[in-house]
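Here the structure comes first, spelled out in C-alpha cells, and everything after it is commentary.
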Amino acid sequence: MSYSKTDLLRLKDFYQNQLLNDTVPFWFPRSIDTEFGGYLLMRDQDGSLIDDDKAVWIQGRAAWLLATLYNTVEPKQEWLAGSKAGIDFLNNHCFDTDGRMFFHVTRDGQPIRKRRYYFSETFAVIAMSAYAKASGDEAAAEKARFLFGKCIEYSTSSSLLEPKFTATRPSKGIGTPMIMINTAQQLRENIGDPRCDEWIDTWITEIETDFVKDDIKCVMEQVAPDGSIIDHIDGRTLNPGHAIEGAWFILHEAKYRNNDPHLIELGCKMLDYMWERGWDKKHGGILYFRDVYDKPVQEYWQDMKFWWPHNEVIIATLLAYTMTGDEKYATWHKMVHDYAYSKFHDAANGEWFGYLHKDGSIAQTAKGNMFKGPFHLPRQEWYCLQLLNEYLEDNKNVVSSNLDVTHLNYKK
C-alpha cells in the first residue's frame with residue numbers, strides 16, 4: 001500500500017489533534033507542582049496522583065517537551081513557564097555534590113536514589129537546550145553544553161562511574177551510543193555545539209560496526225567490547241523497540257545531512273531487521289524482548305506490549321516511508337498505528353495506558369510512574385506532525401490514490 005496526499009493530510013491532522021487536544025492536556029497544567037517546582041507525573045488513568053515522588057530523568061523530559069512545543073508549535077507563555085518550572089527544579093534539587101544527577105527524589109527534592117548511568121544528565125541536556133532556545137537564557141545554554149561534555153566523559157571513561165558488573169564478562173550496550181546521538185542532535189538543533197557532528201559520526205559508526213549483524217539480520221542490545229555476541233541469556237536478549245528507536249535517530253541524521261544515502265540504508269536496515277524479529281504476527285504489536293537465537297528469554301515480561309516501543313516504531317516507519325517512498329513502510333506504519341491507537345489509547349481520559357498483555361488486554365492502568373511520563377507518546381505525535389508538515393510542504397504535487405483511509409482513527 002501507499003499513502004495518498006489525502007491520507008497524509010489526515011494523518012497530520014490526527015497527530016496534531018491527539019497531541020494538543022488529548023495527550024498534552026492530560027499532563028498539563030495539572031502536573032506542574034506549584035508548591036515545590038517540577039512536575040507531579042505519577043498518575044492513574046483518570047489523572048489522579050498515585051505517588052508524589054519525582055523521577056529526575058522524566059522531569060527533564062517534561063521540561064524538554066514544553067519548551068519544544070513553545071519553540072515549534074506555538075509560543076504559549078504557559079508552556080515556557082511550565083518548562084522553567086522543570087529547569088529550576090533540576091538545577092535546585094537534582095544535582096549531587098559530585099556534579100552527577102540523582103535518579104529519584106521526593107516531591108520537595110530530597111534525594112532517594114542515584115543510579116550508575118547518566119541518562120538523567122542526557123535528558124537535562126535536551127531540556128536545557130530547548131529551554132535556552134525558547135527563553136534566550138544563556139546560563140541554561142551554557143549548562144546544557146557543560147553537561148553534554150560531562151556525558152561524553154562518562155561515555156568514554158569507564159573509571160568515572162561505578163561499574164555495574166565485574167570485569168569477568170565485559171560488555172557494552174547500544175543504549176549509550178544511541179541516546180548520545182539523539183542528545184547531540186537536540187543540542188545541535190536547539191542552540192548548536194561544534195562537537196556534535198563528529199561525535200554523532202563516532203556513535204553511528206560504533207552502532208553499525210558492533211551492534212548491527214547483517215549475517216543474522218539483527219541489531220544487538222549488548223555485545224562484548226569487540227562487538228562479538230555474548231552467548232549467555234543477557235547477551236542474547238534483544239529489545240526490538242529500542243533498536244528501532246536507534247534506527248530513526250539514524251534516519252533523522254540522514255535527513256539532516258541532505259538524505260545521506262548510507263545513513264538511510266543503515267537506518268532502514270535496522271528497522272527491517274527488528275520489525276521482523278519484534279512484530280507479533282499472531283496478536284499484533286511489538287514484543288518487548290526476544291532472544292537472538294530464538295531461545296527462551298529470562299525476563300517474565302518478555303512478551304508484553306509496552307507503550308514506548310510502539311511510539312518509536314510509528315516514528316521510524318513514517319520517517320522511512322517519507323524518505324524512501326517504499327510502500328512496505330507505509331504498510332508497517334498503518335499496522336503499528338492502528339494497533340497502538342486501538343489498544344493503548346484511553347478514549348475516556350486521554351493519553352495511553354503503558355502496559356498490555358501479549359493479547360493486547362490492559363495489564364495495569366497507570367499513565368505515569370518512574371519510567372512513564374509525558375515523553376515518548378507526545379514526542380511521537382509532535383515528531384510525526386513536524387515531519388508531515390515538512391513533507392507535505394516539500395511535495396505539494398503528490399498524486400492522490402484511492403486508498404481507504406478509514407483506518408486512521410481520525411477524530412475532530
Side-chain angles (χ1 to χ4, degrees), residues 57 103 113-119 122 151 154-182 202-247 249-250 266-267 269-283 285-306 308-310 312-313 316 355-358 363 370-371:
W57 62 342
F103 175 76
R113 185 180 179 193
K114 186 175 175 182
R115 301 190 78 173
R116 296 178 181 89
Y117 56 65
Y118 48 93
F119 291 160
T122 64
C151 290
Y154 297 146
S155 70
T156 54
S157 177
S158 59
S159 64
L160 294 179
L161 301 177
E162 181 184 352
K164 186 174 183 179
F165 298 104
T166 70
T168 301
R169 187 180 294 151
S171 66
K172 62 179 183 177
I174 197 173
T176 292
M178 63 171 278
I179 201 64
M180 289 300 289
I181 289 170
N182 189 247
T202 298
W203 292 315
I204 290 177
T205 298
E206 181 181 7
I207 290 174
E208 181 176 20
T209 302
D210 293 341
F211 292 91
V212 178
K213 305 299 183 186
D214 293 322
D215 56 334
I216 56 173
K217 296 185 176 181
C218 183
V219 182
M220 301 302 298
E221 185 68 15
Q222 64 173 303
V223 293
D226 64 358
S228 59
I229 295 175
I230 302 170
D231 194 4
H232 293 272
I233 286 178
D234 288 343
R236 294 194 306 263
T237 299
L238 309 175
N239 187 325
H242 205 214
I244 291 174
E245 184 179 15
F249 293 165
I250 291 172
L266 175 60
K269 183 165 59 176
M270 292 170 65
L271 170 56
D272 292 350
Y273 291 169
M274 300 314 285
W275 173 277
E276 179 61 29
R277 288 179 177 268
W279 182 258
D280 184 340
K281 297 177 178 61
K282 180 178 180 180
H283 298 287
I286 301 296
L287 296 163
Y288 201 67
F289 287 129
R290 298 287 86 195
D291 183 276
V292 66
Y293 300 132
D294 295 321
K295 296 180 180 181
V297 178
Q298 180 167 262
E299 282 76 8
Y300 59 84
W301 60 94
Q302 51 88 24
D303 62 353
M304 289 180 67
K305 313 292 169 58
F306 282 32
W308 67 265
H310 295 79
E312 308 313 324
V313 178
Y355 309 93
L356 307 180
H357 295 297
K358 183 177 182 178
M370 289 295 295
F371 300 93

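The analysis underlying the following values was restricted to heavy atoms, covering all of them including side chains, and did not include hydrogens, waters or symmetry mates. Note that the structure is predicted; figures quoted are calculated from it, not measured. Residue numbers count from 1 along this sequence.
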Ignoring hydrogens, what is the shortest heavy-atom contact between Leu238 and Met220? Give both atom names and the distance. CD2-SD, 3.9 Å
Hey, what do you get for NE2 (His242) to CE (Met274), rounding to the nearest 0.5 Å? 11.0 Å
Is the ring pair Trp308/Tyr288 parallel, tilted or perpendicular, if the boundaries are 30 and 60 degrees? perpendicular
With Asp226 via side chain to side chain contact (heavy atoms under 4.5 Å, CB included) - residues at least two apart: Ala224, Ser228
Once you round to the nearest 0.5 Å, how far does CG of Asp231 lie from NZ of Lys295? 5.0 Å
In this structure, CD1 of Ile229 is separated from OG of Ser171 (nearest 0.5 Å) by 13.5 Å
Which residues satisfy the side chain to side chain contact (heavy atoms under 4.5 Å, CB included) test with Thr202, sequence neighbours excluded? Trp199
Less than 4.5 Å apart, any side-chain heavy atom of Ile250 and any of Trp203? no
Closest non-hydrogen atom pair, Ile207 against Met270: CG2-CE, 4.0 Å
Count the heavy atoms belonging to other residues, nucleotides or ligands that lie under 6.0 Å from CZ of Arg116, then report whether that count exceeds 12. yes
In short, Cys218 meets Tyr273 closest at the heavy-atom pair N-CD1, 3.3 Å
Pairwise distance CZ(Phe249) to CG(Asn182) - rounded to 0.5 angstrom: 3.5 Å
Tell me the closest heavy-atom pair linking Val223 and Phe211, and the distance in Å. CG2-CE2, 3.6 Å
From Arg236 CZ over to Asp294 CG, what is the distance, rounded to the nearest 0.5 angstrom? 10.5 Å
Could you tell me whether Lys282 atom NZ has more than 12 heavy atoms of other residues or ligands within 6.0 Å of it? no
Phe103 and Met370, any side-chain heavy atoms less than 4.5 Å apart: yes
Considering only heavy atoms from C-beta outward, does the side chain of Arg169 approach that of Asp234 to under 4.5 Å? no
Closer than 3.5 angstrom, by distance alone: can the side chain of Lys358 be matched with the main-chain N or O of Met304 as a donor-acceptor pair? no
Could you tell me how the ring of Phe306 sits relative to the ring of Tyr355: parallel (under 30°), tilted (30 to 60°) or perpendicular (over 60°)? perpendicular
Looking only at heavy atoms, which two atoms of Ile244 and Ala316 are closest? And how far apart? CG2-CB, 3.5 Å
Atom of Pro170, atom of Pro225 and distance for their closest heavy-atom approach: O-CD, 3.4 Å
Salt bridge or not between Arg115 and Glu162? Use side-chain N to carboxylate O under 4.0 Å. no
Indicate the ring-plane relationship of Phe119 and Trp57, choosing parallel, tilted or perpendicular according to the 30° and 60° boundaries. parallel
With sequence neighbours left out, which residue pairs that include part of residues 206-223 fulfil the salt bridge (charged side-chain N to carboxylate O under 4.0 Å, His left out) condition? Lys172-Glu206, Lys172-Asp210, Asp214-Lys269
Determine whether Tyr154 and Tyr117 satisfy the following criterion, side chain to side chain contact (heavy atoms under 4.5 Å, CB included), listing intermediate values before the conclusion. CA-CA 8 Å; Tyr154 297 146; Tyr117 56 65; over 6 Å; no
Under 4.5 Å between any side-chain heavy atoms of Glu245 and Ile174, yes or no? no
Just by distance, do the side chain of His310 and the backbone of Gly285 share a donor-acceptor pair under 3.5 Å? no
Mind checking the CG-CZ spacing from Asp291 to Arg277? Nearest 0.5 Å is all I need. 8.5 Å
